[in-house]
Trainee: 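I am attaching a structure below and will ask some questions about it afterwards.
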Amino acid sequence: MISLKSNFLSNTGISGSCSPFSAKQRGLVPKAPTSLKIVALNPNREANGSVLMENTLQEIRDGAAVLNTVAGGVRDVYGEDTATEDQFVTPWSLSVASGYSLLRDPRYNKGLGFSDKERDAHYLRGLLPPAVVSQELQVKKMMHIIRQYQLPLQKYMAMMDLQESNEKLFYKLLIDNVEEMLPIVYTPTVGEACQKYGSIFGRPQGLYISLKEKGRILEVLRNWPEKDIQVIVVTDGERILGLGDLGCQGMGIPVGKLSLYTALGGVRPSACLPITIDVGTNNEKLLNDEFYIGLRQRRATGQEYSELLYEFMSAVKQNYGERILVQFEDFANHNAFDLLAKYGTTHLVFNDDIQGTASVVLAGLVAALKLVGGTLADHRFLFLGAGEAGTGIAELIALEMSKQTNKPAEETRKNIWLVDSKGLIVSSRKESLQHFKKPWAHEHEPLKTLLDAVNDIKPTVLIGTSGVGRTFTKEVVEAMASFNERPIILALSNPTSQSECTAEEAYTWTKGRAIFASGSPFAPVEYEGEVHAPGQANNAYIFPGFGLGLIMSGTIRVHDDMLLAASQALAAQVTQENFDKGLIYPPFSNIRKISAQIAANVAAKAYELGLATRLPQPKDLVKYAESCMYSPAYRNYR
Ligand SMILES: O=C([O-])CC(=O)C(=O)O
Ligand SMILES: [Mg+2]
């Protein structure tokens, strides 16, 4: 039996679980202007937890008080109890705030979007000025306000305020203006927001689990008002973008990633839970900052760290079940690989920095082949940076090459070279290398600098995953252009300040010949009369659709083939028109359609591998993905 409980319930003291009382006994018709109730009947009692059921419950949570649509099983009982007594065998009740509290409730608030009828029915008369406006006009007005702010951080804060006051308007605005607003709610601005998180936020946006909560994590999870969570994005704040250890202030990242889960991937907001695990920070500046919001101690490591993470992962599974997706985000290398390996076999986990980035970059490379010719195996790849992103991408390219050529990965890896802070990774360094670098230690004389490596290896593709800005120098880029007609240059580190080179540098130094994409967005560049629009090789293309695919199919484990499936789906979305502009990614303006394609491909792979538990498999997975997507349009509250 599903118990449905929302934050409103805790406000009104009405239980969300099955009640032994009849509809009338429970007084389903609101008498006072403090609360209204919706009763949801189980539309499919035999198949508890079925998609039909979940869609129904989702509708309720997403602001639908108009629920006569699904098999007559769910009814709006505002002012009229139309269900017969025996229909209330297994009811759930959901109370929705009315009047003043409704306006303060971000999930249901519509501001001036409330119609006159709704204002009468929901005790809003006089609480709003008389004008009634459409959601479209509200978006237009908000965009007008946001565009007047000079600083990206001001825009970011305006967006966070909107999310806190009118969630549907926030998502509609974000979806309808995705290319303009992505750099605000996401990289690069979210990086600055994290750096200043302590001073700019008052309201909690996610769960904080610190060492203080050790032994009580399950209890903490249960404090979160939403119960039906489908995806968690969790960070421990140790490597926030390329900005390093921001401790507890890393919370901006899970919050931002999850708002993209909804806006780009259509996962409903109430199913998303941002979490920051606070084991301390080694950032001296934060430790000495009197306004720092986290634990004032150096990072716990070793057993203390693993025990907390183990308790967290166990509590998550215990509370939300086998199908909860946990996305690891911005952990430092030394924990990221271990966590993925440790929990990959027991939980539905996904590391966005290792796997999401790999999938998006592979898609871009596959698309780029249309511009440069050849197969993946015909190219040579050189990375600057051998951490999560670098080795993750390298591994996925090697896997794809090995599938295409029928050669073992040990063989295909030989086309891929990595440079770290000590120079080219070569076999003579093997002993002192971290385990994730070892597969890339090929036979070669040691080379100290990136420039030496570029000149020696002569890569066709240069990929920056170093987290260090301006490391693709003029000499490096010019060298790439000297032996490649169209050098592929990907400067992936975030935010913009950490990008290995700018779009302008890439196009200027290659005399307009580069195929360039970056992790953070760059504006189009004009070079000798021609406009070059750089692509954004950011995992935001992948994780929302990837997650949706896992969730909608009830997948219980992530498999590398699903990353390849996501990659293929994304690469297939690049049109001739995009190629003509030198683009290797489709524009973000189509992202919901793209996410549906990715979700469908990922789900299809999950069914093929026997890892999907939601049966039977829907016939048309793309249509199904689209039908699962959250809509930010206002509902009518009758
Ligand atoms: O957040 C982003 O823009 C991409 C990413 O995962 C990272 O840089 O860690
Ligand atoms: Mg990340």
Side-chain angles (χ1 to χ4, degrees), residues 6-8 36 58-66 78 96-186 189 193 203 205 255-256 258-270 272 588-592 629-638:
S6 77
N7 38 355
F8 322 120
L36 294 172
Q58 173 180 337
E59 290 231 318
I60 301 170
R61 283 192 205 90
D62 289 345
V66 190
Y78 282 25
V96 179
S98 66
Y100 193 73
S101 344
L102 179 54
L103 296 179
R104 288 285 175 278
D105 188 323
R107 186 139 301 149
Y108 294 86
N109 180 29
K110 301 201 271 184
L112 291 182
F114 281 111
S115 68
D116 279 318
K117 269 192 179 162
E118 288 171 330
R119 292 177 193 203
D120 283 333
H122 301 289
Y123 309 94
L124 297 169
R125 273 280 154 212
L127 299 182
L128 291 162
V132 175
V133 303
S134 67
Q135 199 181 12
E136 286 68 26
L137 193 65
Q138 288 180 307
V139 168
K140 186 174 171 192
K141 180 176 158 191
M142 252 336 272
M143 285 305 293
H144 178 71
I145 294 170
I146 287 172
R147 284 175 184 144
Q148 286 179 6
Y149 289 119
Q150 297 294 311
L151 302 175
L153 193 62
Q154 292 171 321
K155 297 182 192 215
Y156 177 89
M157 288 169 72
M159 283 299 277
M160 293 302 110
D161 278 349
L162 182 60
Q163 193 173 20
E164 287 290 336
S165 61
N166 184 337
E167 188 176 85
K168 283 203 177 252
L169 190 57
F170 168 84
Y171 281 112
K172 177 139 181 72
L173 184 150
L174 184 52
I175 292 166
D176 292 355
N177 299 276
V178 67
E179 294 195 303
E180 183 174 347
M181 295 315 293
L182 210 55
I184 302 300
V185 299
Y186 192 58
T189 312
R203 280 170 293 204
Q205 297 177 294
V255 169
L258 283 164
S259 63
L260 301 201
Y261 256 102
T262 298
L264 278 45
V267 178
R268 66 190 152 80
S270 58
C272 299
F588 266 111
S589 50
N590 289 338
I591 188 66
R592 283 204 148 204
M629 284 186 169
Y630 165 82
S631 161
Y634 287 150
R635 306 293 179 94
N636 293 327
Y637 302 158
R638 275 196 236 130

Trainee: Sort and list the pairs that fulfil ring-ring contact (aromatic ring centres under 6.0 Å, His included) and have at least one residue in residues 138-183, not counting sequence neighbours.
Mentor: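 Passing the test, one end in residues 138-183: Tyr171-Tyr630.
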
Trainee: I need the Ile146 CD1 to Met157 CE distance, nearest 0.5 Å.
Mentor: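 One finds 13.0 Å between CD1 of Ile146 and CE of Met157.
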
Trainee: Is it true that a side-chain atom of Thr262 and a backbone atom of Ser259 form a donor plus acceptor pair closer than 3.5 Å?
Mentor: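 It does not hold such a pair.
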
Trainee: Counting neighbours of CD on Gln148 that are heavy atoms of other residues, nucleotides or ligands and sit closer than 6.0 Å, is the number greater than 12?
Mentor: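 Enclosed.
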
Trainee: For residues Cys272 and Val267, determine if any side-chain heavy atom of one lies less than 4.5 Å from a side-chain heavy atom of the other.
Mentor: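 Cys272 vs Val267: side chains touch.
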
Trainee: Drop me the distance from Leu174's CG to Met142's CE, to the nearest 0.5 angstrom.
Mentor: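 CE of Met142 is found 12.0 Å from CG of Leu174.
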
Trainee: Describe, in one word, how the ring planes of Tyr637 and His122 are oriented to each other, choosing from parallel (under 30°), tilted (30 to 60°) and perpendicular (over 60°).
Mentor: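 Answer is perpendicular, since the angle exceeds 60°.
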
Trainee: Kindly state each residue pair satisfying salt bridge (Lys or Arg N to Asp or Glu O under 4.0 Å) with at least one member in residues 133-157, sequence neighbours excluded.
Mentor: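 Only Glu136-Lys172, Arg147-Glu180 qualify under salt bridge (Lys or Arg N to Asp or Glu O under 4.0 Å).
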
Trainee: Between Arg125 and Asp116, is any pair of side-chain heavy atoms under 4.5 Å apart?
Mentor: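 In short, these two side chains touch, coming nearer than 4.5 Å.
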
Trainee: Check whether any side-chain heavy atom of Thr189 sits under 4.5 Å from a side-chain heavy atom of Met181, and report yes or no.
Mentor: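 With C-beta onward as the side chain, the pair stays apart.
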
Trainee: Would you indicate whether the side-chain heavy atoms of Ile175 and Ile591 approach each other to under 4.5 Å?
Mentor: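 They are not in contact (no side-chain heavy atoms under 4.5 Å apart), so the answer is no.
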
Trainee: Say you draw a straight line from CD of Glu167 to CG of Leu162; how long is it, rounded to the nearest 0.5 Å?
Mentor: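 Rounded to the nearest 0.5 Å, the CD-CG separation comes to 10.0 Å.
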
Trainee: Please enumerate all residues that pass ring pair (Phe, Tyr, Trp, His ring centres under 6.0 Å) together with Phe588, with sequence neighbours excluded.
Mentor: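 With sequence neighbours excluded, Phe588 shows a ring pair (Phe, Tyr, Trp, His ring centres under 6.0 Å) to Tyr541, given in chain and number order.
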
Trainee: Provide the closest heavy-atom pair for Val133 versus Gln138 in the form atom of the first, atom of the second, distance.
Mentor: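 Here Val133 and Gln138 meet closest at CG2-CG, 3.5 Å.
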
Trainee: About how many Å separate CG of Leu102 and CZ of Arg107, when rounded to the nearest 0.5 Å?
Mentor: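 Here the interatomic distance stands at 13.5 Å.
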
Trainee: Establish, from distance only, whether the side-chain atoms of Tyr634 and Glu118 form a donor-acceptor pair under 3.5 Å.
Mentor: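 Result is no, nothing qualifies.
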
Trainee: Are Asn177 and Val139 close enough, and set up right, to give a side-chain contact (heavy atoms from CB on, under 4.5 Å), and what steps lead you there?
Mentor: CA-CA 9 Å; Asn177 299 276; Val139 168; 3.9 Å; yes

Trainee: If you measure from CZ on Arg635 to NZ on Lys168, what distance do you get to the nearest 0.5 Å?
Mentor: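 Here the rounded value is 5.0 Å.
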
Trainee: Verify, without hydrogens or angle tests, whether Arg592 (side chain) and Ala263 (backbone) share a donor-acceptor contact under 3.5 angstrom.
Mentor: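 Here the side-chain-to-backbone pair exists.
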
Trainee: What's the separation between atom CD in Gln135 and atom CG in Leu173, rounded to the nearest 0.5 Å?
Mentor: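 Here the interatomic distance stands at 10.0 Å.
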
